Amino acid sequence: MTSKRQRRRRWFEPIGWLTAALAILGTLGFAPALAAQGDTPLLRLYVLTCGYNHVDDVSVYSPGVDVGVSKDFVVSCYVIKHERGILLWGTGLNDGLIDKPEGITAANGNFHLSIKRTLRSQLAKLGIEPEDVTYVSMSHMHPDHSGNGNLFTASTLILQEEEYDAAFGDEPQRYAFNPAFYGKLKDSKTIRLKGDHDVFGDGRVIVKRAIGHTPGHQCLFIDFHKMGPVLLSGDLWHFMKNRVHRRVPKFNFDKEATLRSMEEIERFAAERGANIWIEHDAEFNAAIPHAPAYHE
Ligand SMILES: [Zn+2]
């Protein structure tokens, strides 16, 4: 017969051992990632600038509005460091553009694309080699988001099924995709989605289906420990004025689906109290800290 006191001691003993073991490991510098920041598990976001786009006529994004007005956009990439791995969201414009300081034109001369730093060098500054990236994902496969896809063949690719099929199918150019930038990912380990996806399994980093801009466009929700929830918009909106007026770019794959996605994402963001970050919005991006600073 064991007394009540003994039973209680037995119950607590393993926890005591665990605490002691963690303390010893910690002293030796082998603290598990979970304990790396005290009680707060690791979840950090580094914002990188992966290019610039000077658009001569912004009305391609807002049909009939601001015709002939020019606008500057940035191309953002995001490194999410989680205790269970690294997610790279967006791979930016192709690093090869570094050899063309004057940039290149696209979209019949309306876009002027350039980069000042390569993605690879920006990752290296954070101590990250492409092989260290556990998951690579992007809002969609347009060249300003998939430009360095080929660097990440060691990573698991996360895409909506329709986006994957369009990107790796027979007619990628029909969607303005260029497999020269991402074709090597065809043989990568891939998570194909038809909906949302909890990347690390703890509800903190969730890919949100938001189709319409392209066949399988998606956004990214991140629930930070300190800063609270943020939603990276992908190209659901390109700048704030379009979000306010719900304007759909003329080159979107499906206008009705885009409007539905805007509604769904607005509702989700409101429910979760998430701040929406518009990835291409130059004014917004000028106001938030970029790498090596981080958000958590
Ligand atoms: Zn874009």
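Counting starts at 1 for both ligands and their atoms, in listed order. It should be emphasised that the depicted structure is a prediction, and the values quoted were computed from it without experimental measurement. Excluded from the calculations below are hydrogen atoms, water molecules and symmetry mates; all remaining heavy atoms, backbone and side chain alike, are included.
Judged purely by distance below 3.5 Å, without hydrogens or angles, the side chains of Arg209 and Gln218 never pair a donor atom with an acceptor atom. Side chain to side chain, Ser139 and Asp235 fail the donor-acceptor criterion of an N or O pair below 3.5 Å.
Between the side chain of Asn150 and the backbone N or O of Ala180 there is at least one donor-acceptor pair closer than 3.5 Å.
Hydrophobic cluster membership for Leu231: Ile206, Phe221, Leu236, Trp237, Met240, Val244, Val248, Leu259, Met262, Ile265, Phe268, Ile276, Ile278 (Ile, Leu, Val, Met, Phe, Trp, Tyr linked by side-chain heavy atoms under 4.5 Å, directly or transitively).
For His142 and Phe177, the gap between ring centers is short of 6.0 Å.
A perpendicular orientation is assigned to the rings of Tyr182 and Phe168, their planes being inclined by more than 60° (bins at 30° and 60°).
The set of protein atoms (N, O or S) found at less than 2.8 Å from the Zn ion (ligand 1) reads Asp144 OD2, His145 NE2, Asp235 OD2, His280 NE2, by chain and number.
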